[in-house]
Amino acid sequence: MNAQSSSQDTNIKVPFISKLAYGFGDVGCNFSWMFVGNFLMIFYTDVCGIPMAAVSLLMLISRVWDAINDPVIGSLSDRTKTRWGRYRPWLLIGAPLTAFVLVLTFWAHLGWSDSAKTVYMYITYCILVLGYTCVNIPYGTLCGALTQNIEERAQINTSRSVCAMIAINIINMVTLPLIAYFGGGNASKGYLMVTILYGAIFTACHWFCFAKTKEVVYAPAKEKIPLGVQLKAALQNKPYLIALAGQLLFGVTLYGRNADLLYYFKYVEGDEGLFTIYSMILMIPSIIGAGAFPLVFRWLGNKGRTASAFAAGTGVAMFCMYFFSATMSPIPFYTFAALAQFFFCGFNTAIYAIIPDCVEYGEWKTGIRNDGFQYAFVSLGNKIGMALGTAALAGVLGSLGFVANQVQSAAVQTAIHHAFSTIPGVLWIITAAVLFFYQINKSSYNRIIAELSANKEKSV
């Protein structure tokens, strides 16, 4: 790094358009990954006719693939050198390629044999996972490169979370009606056309993020750092390890429950259309919850404790939902659903706001700054959680005798009901307990930044 970049002010205010553009990046992410998390499993089983056991195995195998490619992509993005920065070019190039693979993933080949469909599922999904990694890890890491101001980072992540929650609820509200509209009774055609639309949105949002953000925080100029050395440095970063554990639990709970949502409304409540109503009701609590993060953080002064408080509220509300039904007792059901969504959206904002601060702590502690590498393991932890959650759901339902598009047995319905309420409720409480021990607060963070800045000035 030259003297100019070493002395550049990184404790800056980020323009509103950049915060908005960064938020739109997560809109794009959700039109890919949340769409996959909420709809791909039921697409495989109820549209393509692929057995639950094959879907469950896929989720586990793909995470082995993630364990290989996530740290590699994170390290490669850290070493990328272009006039646009380290992370933004990945959004420009990776987004359209990933969108193309997303379309292939939701392209049902109903005339193929079961074995051919299964092989196609494995290939397209694993390529999709790699493509999403190439976009999402640089995108997530980009936040820490926009500023070192802790309040600005909180606002950037609030923008990200608000945009994400709006996108998620829009996806949940419009996807089934769009599938019906485009498909005209042909679900496979409907899914394909919706995916083409969502792939275009995914690309446009990341291009907007690329165009309107600017990287100002640079890594220290050092020779190439071996992956083993980076891993050793990460293991010395206790706040990061706590955040990593929180992301793993987050992935298990969020994606396991999300994969269960359509099954719950279709097979327990008996009306798949209730999923759209459920999503509409959650829109306002989503926005309020995401917007509440800066206020709670200002009060507690610790992002981990803030995430812990929101996680605990989410768990209690979800556990209570077990005792009510959308058809038999809609008022308490939707009241607790709204509360759960409010607390969840606050948590979602907080958990991602933690990671850039852990990067600063790691550089202060070890002298090694590896934003992308650390975010890669956060992404990997989240994806492993997703695999465990969705694979466990698919495995349990398959073992209990789930048959697609049929009335389910009492055992299957009970399992789906618990996966919707009590199980995620307990897991959220455990997540709250883990994140309670996160130690970086405002004063310690500002001290770390001051020492890092002083060290860089001496090296000029």
Side-chain angles (χ1 to χ4, degrees), residues 9-14 19 22 140-141 143-162 216-217 233-250 289-315 343-371 374-375 377-378 381 428-456:
D9 181 18
T10 57
N11 188 35
I12 65 170
K13 297 286 187 180
V14 178
K19 294 174 183 175
Y22 189 77
T141 312
C143 174
L146 300 179
T147 181
Q148 286 186 310
N149 185 297
I150 191 170
E151 298 287 354
E152 286 293 295
R153 284 182 176 173
Q155 293 178 24
I156 291 169
N157 277 284
T158 298
S159 173
R160 171 183 182 173
S161 188
V162 169
V216 301
V217 181
L235 291 174
Q236 297 176 47
N237 190 331
K238 291 181 180 179
Y240 173 70
L241 295 178
I242 291 173
L244 194 59
Q247 281 284 351
L248 175 62
L249 289 164
F250 178 36
F293 162 70
L295 300 176
V296 180
F297 170 54
R298 196 171 296 121
W299 176 42
L300 295 178
N302 181 309
K303 292 178 182 177
R305 298 279 174 87
T306 302
S308 177
F310 280 120
T314 308
F343 286 118
F344 163 72
C345 292
F347 171 87
N348 187 67
T349 311
I351 192 68
Y352 286 108
I354 286 173
I355 308 305
D357 299 350
C358 293
V359 171
E360 312 293 355
Y361 178 90
E363 183 182 358
W364 172 77
K365 178 79 173 177
T366 67
I368 296 174
R369 185 183 184 93
N370 49 0
D371 310 51
Q374 289 195 35
Y375 192 87
F377 277 97
V378 169
W428 276 116
I429 297 298
I430 295 173
T431 305
V434 169
L435 291 171
F436 182 81
F437 294 98
Y438 182 84
Q439 294 299 318
I440 299 177
N441 55 33
K442 286 183 181 180
S443 60
S444 62
Y445 176 83
N446 290 331
R447 185 173 65 252
I448 288 169
I449 293 299
E451 291 185 19
L452 288 174
S453 298
N455 291 336
K456 289 177 181 178

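The figures that follow rest on heavy atoms only: side chains count, while hydrogens, waters and symmetry mates do not.
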Please examine the side chains of C358 and Y438, heavy atoms only from C-beta on, and report whether any two atoms are closer than 4.5 Å. yes
K238 atom NZ, neighbour heavy-atom count above 12 within 6.0 Å: no
Rounded to the nearest 0.5 Å, the OG atom of S444 sits from the CG atom of N302 at a distance of 8.0 Å
Parallel, tilted or perpendicular, judged at 30° and 60°: which one describes the rings of F347 and W428? perpendicular
For Y22, the ring pair (Phe, Tyr, Trp, His ring centres under 6.0 Å) test, sequence neighbours excluded, returns Y139
Nearest 0.5 Å please: distance from the CD atom of E451 over to the CD atom of E363. 12.0 Å
Contact summary for F437 and I242, nearest pair of heavy atoms: O-CD1, 3.4 Å
Rounded to the nearest 0.5 Å, the CD atom of E360 sits from the CG atom of L452 at a distance of 6.5 Å
Side chains of T349 and T306 in contact at under 4.5 Å (non-hydrogen atoms): no
Distance-only side-chain donor-acceptor flag, K19 / Q155, under 3.5 Å: yes
Can you tell me how far OG1 of T431 sits from CZ of F310, rounded to the nearest 0.5 angstrom? 15.0 Å
Say you draw a straight line from CG of L146 to CD of E152; how long is it, rounded to the nearest 0.5 Å? 10.0 Å
Between the main-chain N or O of G381 and the side-chain N or O of Q247, is there a donor-acceptor pair closer than 3.5 Å? no
To the nearest 0.5 angstrom, please state how far the CG atom of N441 sits from the CZ atom of R447. 8.0 Å
Please list, chain by chain and in numerical order, all residues satisfying ring pair (Phe, Tyr, Trp, His ring centres under 6.0 Å) with F297, sequence neighbours excluded. F293
Under a 4.5 Å cut-off applied to non-hydrogen side-chain atoms, are T147 and I156 in contact? yes
For K303 and Y445, run side-chain contact (heavy atoms from CB on, under 4.5 Å): C-alpha distance rounded to whole Å, both residues' side-chain angles, the deciding distance at 0.1 Å, then the answer. CA-CA 11 Å; K303 292 178 182 177; Y445 176 83; over 6 Å; no
Heavy-atom pair of closest approach, residues T158 and P294: OG1-CG, 3.2 Å
Taking all non-hydrogen atoms of both residues, which atom of G246 and which atom of V434 are closest, and how far apart? N-CG1, 4.4 Å
Nearest atoms (heavy-atom pairs only) where P356 meets G144: CB-CA, 4.0 Å
Can you find a side-chain donor-acceptor pair between S443 and N446 that sits under 3.5 Å? no
My understanding is that only residues two or more places apart in sequence, or in another chain, count here; which of them pass side-chain hydrogen bond (donor to acceptor under 3.5 Å, both in side chains) with T314? none
Can you find a pair of side-chain heavy atoms, one from N237 and one from Q374, that are under 4.5 Å apart? yes
So, for L435 and A243, which heavy atoms are closest and what is the spacing to 0.1 Å? CD2-CA, 4.4 Å
C143 and N157: which non-hydrogen atoms are nearest, and at how many Å? SG-ND2, 3.3 Å
Checking the side chain of T366 only, and the main-chain atoms of G362 only, is there a donor and an acceptor separated by less than 3.5 Å? yes
